[in-house]
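Encoded as structure tokens, the structure appears first; notes follow it.
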Amino acid sequence: MNNNDTGETQKQDFIRTLVNDDLASQRFSGKVQTRFPPEPNGHLHLGHAKSICLNFGLASEYGGVCNLRFDDTNPTTESEEFADSIRKDIEWLLGHELPEEPVFASNYFDQLYEWAERLVELGKAYVDDQTAEMISTQRGSFTEPGVNSPFRERSPEENLVLFREMRAGKFSEGQCVLRAKISMDHDNMNMRDPVLYRIRHESHFRTANDWVIYPTYDWAHGQSDAIEGVTHSLCTLEFDSHRPLYDWFLEQLEIPHDKRPYQTEFARLNFTHTVLSKRLLRQLVEESVVQGWDDPRMPTLSGQRKRGYPPSAIRAFCDHIGIAKTNSTHEVELLESFVRSELNQTADRKMAVINPLKLTITNWPKGEIEYRDAINNPEDPSQGSRKVPFSGDLYIEHEDFMEDPPKKFFRLSPGREVRLRFGYFITCNEVIKDDDGNPVELLCTYDPETSGGKAPDGRKVKATLHWVEASNCVEGSAITYARLFRSEHPDTSSDVFQDLNHASLTKFSSVKFEPSIQDLLDGEVVQFERLGYFCKDDTEANLFHRTVGLRDEWANIQKRKGTN
RNA sequence: UGGCCCGUAGUUCAACUGGCGGAACGCCUGGUUUUGGUCCAGGAGGUUGCAGGUUCAAGUCCUGCCGGGCCAGCCA
């Protein structure tokens with residue numbers, strides 16, 4: 001695999017082509033500036049990661065600036081807590097602190113208001129006293145033109161008085177709005193006299209009680225871009241039909257062409273077996289399907305962090321998938337392969353037994369402990385090695401023993417010899433079972449001649465098992481995760497909750513770890529050999545979350561047998 | 001139903017202004033290996049949505065159709 005492609009070749013996609021064209025034509029005198037504009041009313045997820053990588057990546061490639069701009073135009077749903085968590089997630093993803101302090105659309109409320117007055121004076125905006133319902137029915141449909149509001153022809157003077165009274169708090173919520181005066185029979189519904197300001201008698205987390213009218217997204221966005229000096233305003237496909245509006249406002253306000261940002265849309269990110277809509281994600285949290293926004297099964301950035309996904313792997317993934325206008329759904333396995341690829345290079349190896357089966361070496365000198373050399377990372381010899389205790393009292397993985405093994409099962413079974421990693425060859429001689437016939441202990445002998453992992457007589461074994469020494473081990477637990485939804489495209493079904501995978505979390509409570517896990521930092525990711533990558537929990541002692549498993553040939557063989 | 005956007009291996013993307021359709025992930029086979037991991041080599045997988053047209057030559061240009069997405073919040 002070549003995931004860690006350093007990619008010297010310049011990336012090429014339709015957006016970078018546009019930027020190069022603008023550079024060539026000196027459209028913005030060689031400047032490139034972008035922005036990432038989340039609304040502080042929820043948590044960031046993988047879909048946002050694509051946009052963050054694009055916006056911040058593009059700016060840094062072209063030596064420009066990318067602002068984190070909070071689109072805080074709706075006091076009803078937004079909060080400082082969301083803003084703080086968004087900033088934290090972005091800095092984690094980027095791997096460094098924000099080069100610039102975040103900015104807020106609310107910083108521009110004065111300017112936005114002033115511009116709105118100008119539009120009123122120009123006769124291009126009016127105060128409409130109708131209810132939301134009336135305005136909605138008057139908007140018409142895709143095939144029917146809208147009808148003009150009875151208040152559409154108010155004079156600029158009257159509108160200015162009314163608009164100032166709106167601002168002064170003279171009216172109640174919903175009593176009136178400010179609308180742009182464009183055209184009620186436009187093919188594009190967004191151009192049918194859109195609302196610019198609505199009344200909210202609510203405190204805003206940045207501007208407190210300074211305002212009782214708040215700009216809508218359409219009125220705030222393009223002008224905020226212009227104020228900041230954004231050149232390329234990148235957003236997702238669903239804003240395509242808003243672009244004519246974006247341009248219309250800048251045109252009316254006579255923003256000079258070389259200072260006029262323009263909007264370009266790209267396809268948002270989707271994953272198989274995953275939902276990325278704010279509404280559904282919130283529902284998963286509120287209905288306690290998951291344990292919170294940062295549940296490791298959540299596609300939120302905080303969830304991925306808790307699970308141990310390296311941000312560099314998410315960035316490499318975003319680089320790899322590129323930017324296009326085609327609606328697309330990526331296989332979650334692709335992201336996982338980037339996570340493995342990264343972790344394979346960086347994660348230290350340890351040993352843990354997740355589902356222990358006692359194994360006693362009958363010819364081992366009683367009570368003797370030997371310290372075996374174990375390499376920390378075969379991909380990176382500079383990481384050195386450690387000593388792991390070994391004795392005649394061990395645990396191995398339950399799944400590594402079968403009394404009556406099928407073909408192609410290479411692990412331990414009665415009479416068979418296997419290697420214990422960093423240890424010796426052992427042969428299973430006897431199986432001790434409980435009343436139900438389940439194996440509870442294996443009696444084995446070891447060959448002292450195989451200390452180097454090889455037999456002097458050249459005989460081979462077909463498997464190497466991981467193990468943990470019983471008297472020195474650390475006890476704890478581990479959680480493995482599977483996808484939250486069973487179907488590939490859960491969000492297309494009418495009831496996504498019907499599609500939940502009820503086995504998305506499996507907790508193992510009597511895990512045996514080698515002693516060295518006590519030196520691990522919270523949030524550190526290691527590979528437990530043959531089991532996968534695991535991340536140390538930051539709140540509970542000796543708890544590990546499985547970030548992602550290893551590729552598993554044996555599981556594939558079993559799956560094939562199951563389906564045939 | 002009107003307007004706009006999009007259709008290239010299973011998936012996601014390449015293929016400079018028309019010039020032999022490639023890669024990654026996934027899958028399969030073999031090699032290496034003290035992780036059934038990693039790594040290496042090879043393989044299968046395509047009527048470029050369909051039908052016409054222009055051209056010596058079309059994934060690329062033109063026309064029509066089909067399929068998918070978005071738009072009728074005082075959300076963003």
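Bear in mind that the values here come from a model prediction, so they are computed numbers and not experimental data. Every heavy atom of this structure was used, including side-chain atoms; hydrogens, water molecules and symmetry mates were not. Just so we're on the same page: letters track the sequence lines, and every chain starts at 1.
For the pair A/Arg372 CZ and B/U34 P, the interatomic distance rounds to 15 Å; values are reported in whole Å. With rounding to whole Å, A/Glu144 atom CD is found 14 Å from B/G3 atom P. Atoms CG (A/Asn188) and C1' (B/G3) sit 7 Å apart, rounded to a whole Å. Distance A/Phe317 CZ to B/C13 C1': 11 Å, rounded to the nearest Å. Atom CG in A/Asp13 sits roughly 15 Å away from atom C1' in B/A15 (whole-Å rounding). Following rounding to the nearest Å, A/Ile321 (CD1) and B/U11 (C1') show an atom-to-atom distance of 12 Å.
Judged by closest nucleotide on RNA chain B, A/Lys50 is the one of A/Gly140 and A/Lys50 placed further toward the 5' end. When each of A/Asn327 and A/Ile323 is assigned the nucleotide of RNA chain B bearing its nearest heavy atom, the one mapping closer to the 5' terminus is A/Ile323.
Between the side chain of A/Glu238 and the base of B/G69, no donor-acceptor pair under 3.5 Å is found. The base of B/G37 is paired with the side chain of A/Glu379 by a donor and an acceptor separated by under 3.5 Å. A donor-acceptor contact under 3.5 Å is not formed by the side chain of A/His320 with the base of B/A23. Contact of A/Arg551 with B/U38 (side chain to base): no donor-acceptor pair of N or O atoms is detected under 3.5 Å. Below the 3.5 angstrom threshold, one finds no donor paired with an acceptor across the side chain of A/Glu331 and the base of B/U12. Looking at A/Arg340, its side chain has no donor and acceptor atom pair within 3.5 Å of the base of B/G37.
Contacts of A/Arg139 with the nucleic acid, taken as non-hydrogen atoms under 4.0 Å apart, involve only primed sugar atoms and P, OP1 or OP2. When heavy atoms are screened at a 4.0 angstrom cut-off, A/Lys408 is found touching base atoms of the nucleic acid. A/Thr137 comes within 4.0 angstrom of nothing in the nucleic acid, heavy atoms only. Counting non-hydrogen atoms under 4.0 angstrom, A/Arg411 reaches a base of the nucleic acid. If you check every strand for non-hydrogen atoms under 4.0 Å, A/Gly174 touches a base. Using a 4.0 Å heavy-atom distance criterion, A/Arg179 is classed as making no nucleic acid contact. Using a 4.0 Å heavy-atom cutoff across all strands shown, A/Phe409 reaches at least one base atom of the nucleic acid. Contact annotation for A/Ser451: base contact, defined as any heavy-atom pair under 4.0 Å involving a base atom. When heavy atoms are screened at a 4.0 angstrom cut-off, A/Gln130 is found touching base atoms of the nucleic acid. Counting any heavy atom pair closer than 4.0 Å across all strands shown, A/Gln527 reaches a base atom. Residue contacts shown for A/Thr272 are absent, as no nucleic acid heavy atom lies under 4.0 Å away. Using a 4.0 Å heavy-atom distance criterion, A/Gly452 is classed as a base contact. Across all strands shown, A/His186 has no heavy atoms under 4.0 Å from either base or sugar-phosphate atoms. The residue A/Asn74 sits close only to the backbone: its heavy atoms come under 4.0 Å of sugar-phosphate atoms, none of a base.
B/A15 and B/U8 have their P atoms separated by 14 Å, with the value rounded to a whole Å. The gap from the C1' atom of B/A23 to that of B/G31 amounts to 24 Å, rounded to the nearest Å. To the nearest whole angstrom, the two P atoms, one in B/C16 and one in B/C75, are 46 Å apart. Look at the P atom in both B/U60 and B/G18: the space between them is 12 Å, to the nearest Å. A distance of about 31 Å separates the C1' atoms of B/C27 and B/C66, rounded to the whole Å. B/A44 and B/C25 are spaced 16 Å apart, taking the C1' atom of each and rounding to whole Å. For the C1' atom pair drawn from B/G42 and B/U48, the interatomic distance equals 26 Å after rounding to whole Å. Here, B/A14 and B/A24 have their P atoms 16 Å apart, quoted to the whole Å.
Side-chain proximity of A/Ser337 to the nucleotides B/C25, B/A72, B/U12 is greatest for B/C25. Of all nucleotides listed (B/U34, B/C74, B/U12), B/U12 comes nearest to the side chain of A/Ser328. Side-chain proximity of A/Asn344 to the nucleotides B/C71, B/G37, B/C74 is greatest for B/G37. Comparing B/U1, B/C25, B/C4 against the side chain of A/Asp240 picks out B/C4 as the nearest. Here B/A76 is the nucleotide among B/A76, B/G68, B/U12 with the atom lying nearest to any side-chain atom of A/Glu39. Across B/A76, B/U34, B/G37, the shortest atom-to-atom separation from the side chain of A/Phe239 is found for B/A76. Distance from the side chain of A/Asp552 is smallest to B/G36 among B/U35, B/C13, B/G36. Out of B/G37, B/C71, B/C75, the shortest distance to the side chain of A/Ser241 is found at B/C71. For A/Phe142, whose side chain is taken as the heavy atoms from C-beta onward, the closest listed nucleotide among B/C74, B/A72, B/G36 is B/A72.
No more than 12 heavy atoms of other residues, nucleotides or ligands lie within 6.0 Å of CZ in A/Arg268, so this atom counts as exposed by the packing criterion.
Within the 4.5 Å cutoff, side-chain heavy atoms of A/Ile361 are placed close to those of A/Leu394.
Defined by atom type and a distance below 3.5 Å, a donor-acceptor pair is missing between the side-chain atoms of A/Arg421 and A/His466. Counted by atom type alone, A/His43 and A/Ser85 present one or more donor-acceptor pairs between their side chains at under 3.5 Å. Using modelled atom types and a 3.5 Å distance limit, the side chains of A/Glu379 and A/Asn377 yield no donor-acceptor pair. Remark: the A/Asn74 side chain and the A/Tyr217 side chain contain no N/O donor-acceptor pair separated by less than 3.5 Å.
Anti is the glycosidic conformation of B/G31, whose angle departs from 0 by more than 90°.
The aromatic rings of A/Phe528 and A/Phe534 sit tilted relative to each other, their planes meeting at an angle between 30° and 60°. Using cut-offs of 30° and 60° for the angle between ring planes, the A/Tyr214 and A/Phe109 rings count as perpendicular. In this pair, A/Tyr113 and A/Trp211 present their aromatic rings tilted. The plane angle is within the 30 to 60° band.
The shortest distance between the side-chain N/O atoms of A/Arg198 and the OP1/OP2 oxygens of B/G73 is not below 4.0 Å.
Base-pair partner of B/C61: B/G53 (Watson-Crick or G-U wobble, both distances under 3.5 Å). Figure legend. B/C13 is base-paired to B/G22; pairs are counted as Watson-Crick or G-U wobble with both atom distances under 3.5 Å. Within the shown strands, B/G69 is the pairing partner of B/C4 under the Watson-Crick or G-U definition, both distances less than 3.5 Å.
Because its NZ or CZ atom is not both nearer than 6.0 Å to the ring centre of A/Tyr371 and within 45° of the ring axis, A/Arg386 does not count as a cation-pi partner of that residue.
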